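A quick write-up on the structure given underneath.
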Amino acid sequence: MKRIIILAFVVTSTFAACTTLKPGSIGNGGLSELGGTWELNYISGPRIAFNGLYPAKKPTLTFDITNKKVSGYSSCNSFSGTLVADDSTINFTHPMAMTKMACPGEGEATFMEMLKKTSSYVVSDSTLNFMMGDIAIMRFRKI
């Protein structure tokens, strides 16, 4: 009986130790593909055309995976904060430092609100999609 219990413990420990990719780790795909700088090229929701929201400069995001930092440009102000993400989920509801220049139009407010609604992401072919549930609400291209 003791041998069976010990064998069960050893087998369970072995399987637990052999997990290949835990959430938040850097490995093939997921979080490691998020690293770098991305430029927004689609946002859902607003009735204003994309080029009308961002006539001068498009918003960008830069992910520093090693230091768990995110920074960016909202089309008017710069911001930075802690990266809260794993291999498929991401969260932008935590406070971030942000410059406070007056911004014309609705572009910055729309961008920041959509970031807060993002719950997950998918990276494929140098394209980053931010998802709300199973709906793509923002799309970025790697620059």
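Just so you know, these numbers come straight off a predicted model, no measurement behind them.
- At a threshold of 4.5 Å between non-hydrogen side-chain atoms, the residues L34 and L128 count as touching.
- Closest non-hydrogen pair, L53 versus E106, comes out as CD2-C, 4.0 Å.
- The two residues F50 and L40 come nearest to each other via the heavy atoms CZ-O, 3.4 Å.
- Counting only residues at least two apart or on different chains, the salt bridge (charged side-chain N to carboxylate O under 4.0 Å, His left out) pairs with a member in residues 132-143 are E39-R141.
- Side-chain contact between W38 and T127 is absent, with no heavy-atom pair separated by less than 4.5 Å.
- Between T82 and H94, every side-chain heavy-atom pair lies at or beyond the 4.5 Å cut-off.
- At least one side-chain heavy atom of L115 sits under 4.5 Å from a side-chain heavy atom of L61.
- Residue L83 is not grouped with residue Y73 when hydrophobic side chains (ILVMFWY) are merged at heavy-atom distances under 4.5 angstrom, including chains of intermediate members.
- Side-chain atoms of T99 come within 3.5 Å of backbone N or O of S78 as a donor-acceptor pair.
- In this structure, A102 and C76 approach most closely via the heavy-atom pair O-SG, 3.7 Å.
- In this structure, S75 and P59 have side chains that are in contact, with non-hydrogen atoms separated by less than 4.5 Å.
- Ring planes of F63 and F130: perpendicular class, angle over 60° (limits at 30 and 60°).
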Y54 and F111: ring-ring contact (aromatic ring centres under 6.0 Å, His included), yes or no, with the steps? CA-CA 10 Å; Y54 310 108; F111 178 69; 7.0 Å; no
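- I43 contributes atom CD1, which lies 12.5 Å from atom NZ of K58 (distance to the nearest 0.5 angstrom).
- Summarising the geometry of T118 relative to F92, their closest heavy-atom pair is CB-CD1, 4.3 Å, with the distance given to 0.1 Å.
- Of all non-hydrogen atoms in E108 and N77, the two that sit nearest each other are OE2-ND2, 2.9 Å.
- Separation of atoms CD1 (I137) and OG (S119) is listed at 7.0 Å; rounding is to 0.5 Å.
- For the pair V84/V70, no side-chain contact is recorded, criterion being any heavy-atom separation below 4.5 Å from C-beta on.
- Note on M114: it clusters hydrophobically with I48, by side-chain heavy-atom contacts below 4.5 Å among ILVMFWY residues.
- The heavy-atom pair separating M98 from S74 by the smallest distance is CE-OG, 3.8 Å.
- Side-chain contacts under 4.5 Å among hydrophobic residues (ILVMFWY), followed directly or transitively, place M131 together with V122.
- Between the CZ atom in R47 and the OG1 atom in T110 there is a gap of 12.5 Å [rounded to 0.5 Å].
- Rounding to the nearest 0.5 angstrom, the gap separating the CG atom in N129 from the OH atom in Y121 is 12.5 Å.
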